[in-house]
Asks: 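Provided herewith is a single structure, encoded as structure tokens, for subsequent inquiry.
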Amino acid sequence: MAETTGISWTDHTFNPWWGCTKIAPGCDNCYAATLDQRTGGNYWDLKQAPRRTNPSNWNKVQTWNHKAESQGVRRKVFCGSMMDWCDKDAPAGARDDLFALIRNTPWLDWQLLTKRATLIERCLPSDWGEGYPNVWLGVTVENPEFGYPRIEALQRIPAEVKFLSAEPLLARLDGFASRLGGINWVIIGGESGPGHRTMKSEWAEDAVAQCRRVAVPIWFKQWGGNGPEKGGSIINGIEIKEWPRTDYLYANSSSKLPASTAESPDSI
Ligand code: SF4
């Protein structure tokens, strides 16, 4: 399904910049930091400041949008796999340009996920209003201690679609169901790669059961581990791959998007 990404719950991955800083237990085995090191980069933990990706990388997003429009099929874009869009150390101007790009690509649904939930509000553009119809806002919930305050921060912010990524799930999510007010979608998954921390089956099953109790759609991504299949995505004998309901958003999505006021990244 994913054309340019290995992440099962999206179609494309876009990184407006490259580099991040570890801030939480969910970051301990950050695959992006490992990839950065393996590819000779030095952009983690501020050894070097995050760097903006090149214009050709930005330009390809417009290509995705044109293709989606010509096919009449909306596509999802995860932003991003090598950065956090709420990073306070983002390259100057890059976040403004990201939102200009988002406004200019109404056929793309942008999945903006962060671990810096308290910074979301100040990172949103001034014309955010009740939320753009093509932006899904999400936070990571690796355990109750770090994840639940992030959910509360997300719940305070208007957005058309709000989602949680319980990946890597590192603990049992006691009382999760009661915290899902206004949440449209939950991703659940275990950690993969060298040194991965095991997701206990009872944690995953309990998280699924709690989402079911309050009728929140679930994407069960993987059990985690080292193999190429990353433990697979079958839980209790079934594959759970559900989407949030979004059809009502797109009747006139172009006209609902605010007019672009910022310079397009294409022209930079
Ligand atoms: S926030 Fe995400 S990209 Fe940044 S260090 Fe943590 S896991 Fe890695």
Side-chain angles (χ1 to χ4, degrees), residues 2 4-10 12-53 57 76-92 94-95 98 110-124 135-154 157 162-171 173 185-199 219 221-222 224-226 230:
T4 58
T5 180
I7 301 169
S8 60
W9 43 264
T10 197
H12 304 285
T13 298
F14 174 64
N15 291 295
W17 61 88
W18 178 291
C20 195
T21 301
K22 294 184 178 184
I23 56 160
C27 300
D28 285 354
N29 288 329
C30 173
Y31 66 90
T34 307
L35 179 61
D36 177 60
Q37 213 172 22
R38 202 183 325 136
T39 55
N42 208 8
Y43 295 98
W44 248 257
D45 300 325
L46 292 178
K47 290 185 207 76
Q48 275 185 276
R51 75 166 168 79
R52 185 183 175 113
T53 54
N57 184 54
K76 291 173 280 298
V77 180
F78 169 47
C79 177
S81 61
M82 299 300 297
M83 40 73 73
D84 183 322
W85 75 276
C86 290
D87 192 345
K88 64 179 176 45
D89 297 304
R95 198 163 24 235
L98 169 65
W110 289 79
Q111 298 162 311
L112 302 187
L113 178 66
T114 184
K115 290 185 178 67
R116 295 163 167 85
T118 55
L119 300 181
I120 293 175
E121 204 163 6
R122 74 187 76 159
C123 290
L124 289 170
V135 174
W136 305 6
L137 284 188
V139 298
T140 304
V141 182
E142 70 268 57
N143 63 23
E145 181 187 356
F146 283 78
Y148 289 178
R150 293 190 196 121
I151 297 175
E152 288 164 19
L154 179 64
I157 296 165
K162 298 182 187 181
F163 71 101
L164 308 178
S165 174
E167 184 193 9
L169 185 59
L170 302 177
L173 297 179
W185 191 43
V186 173
I187 299 162
I188 299 169
E191 193 165 62
S192 57
H196 70 275
R197 293 161 285 183
T198 302
M199 175 174 70
W219 190 276
K221 185 176 161 214
Q222 62 185 39
N226 276 330
K230 296 174 182 168

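Just so it is clear, the model here is predicted, and its values are computed rather than measured. Just so you know, ligand 1 is whichever comes first in the structure, and atom 1 is the first atom listed for that ligand.
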Asks: Looking only at protein heavy atoms, which one is nearest to atom 4 (Fe) of ligand 1, and how far off is it?
Replies: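 In this structure, atom 4 (Fe) of ligand 1 has Cys20 SG, 2.3 Å as its nearest protein heavy atom.
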Asks: If the cut-off is 4.0 Å to any non-hydrogen atom of Arg116, which atoms of ligand 1 fall inside it?
Replies: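 In order of number, 1 (S).
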Asks: Against heavy atoms of Thr21, which atoms of ligand 1 measure under 4.0 Å?
Replies: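 Within the 4.0 Å cut-off of Thr21, ligand 1 contributes 5 (S).
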Asks: Return the closest protein heavy atom for atom 7 (S) of ligand 1 as residue, atom name and distance.
Replies: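 Of every protein heavy atom, Lys115 NZ, 3.4 Å lies nearest to atom 7 (S) of ligand 1.
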Asks: Identify the closest protein heavy atom to atom 5 (S) of ligand 1: which residue and atom is it, and at what distance?
Replies: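 The closest one turns out to be Trp44 NE1, 3.4 Å.
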Asks: Which word best sums up how the rings of Trp110 and Phe14 line up, parallel for under 30°, tilted for 30 to 60°, or perpendicular for over 60°?
Replies: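 Perpendicular: the ring planes of Trp110 and Phe14 meet at over 60°.
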Asks: How about CD on Glu152, more than 12 heavy atoms from neighbouring residues, nucleotides or ligands closer than 6.0 Å, or not?
Replies: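 Count over threshold, so yes.
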Asks: Could you tell me whether any N, O or S atom belonging to Cys30 is less than 2.8 Å from atom 6 (Fe) of ligand 1?
Replies: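 Here the distance criterion (N, O or S atom, under 2.8 Å) is not met by Cys30, so no.
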Asks: Going by the atom numbers of ligand 1, which of them fall below 4.0 Å from some non-hydrogen atom of Lys22?
Replies: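 Going through ligand 1 atom by atom, the ones under 4.0 Å from Lys22 are 5 (S).
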Asks: Among all protein non-hydrogen atoms, which one is nearest to atom 6 (Fe) of ligand 1, and what is the separation to 0.1 Å?
Replies: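 Minimum-distance protein heavy atom for atom 6 (Fe) of ligand 1 reads Cys27 SG, 2.3 Å.
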Asks: Kindly determine whether Phe146 and Leu170 satisfy side-chain contact (heavy atoms from CB on, under 4.5 Å), including the steps that lead there.
Replies: CA-CA 11 Å; Phe146 283 78; Leu170 302 177; over 6 Å; no
Asks: Given side-chain contact (heavy atoms from CB on, under 4.5 Å), test Lys221 with Ser192 step by step and report yes or no.
Replies: CA-CA 11 Å; Lys221 185 176 161 214; Ser192 57; over 6 Å; no
Asks: Taking the ring of Tyr43 and the ring of Trp17, is the distance between their centroids below 6.0 Å?
Replies: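 Centroid separation for Trp17 and Tyr43: 6.0 Å or greater.
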Asks: So does Thr114 get a backbone contact from the side chain of Asp84, meaning a donor-acceptor N/O pair under 3.5 Å?
Replies: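 Not a single qualifying donor-acceptor pair exists.
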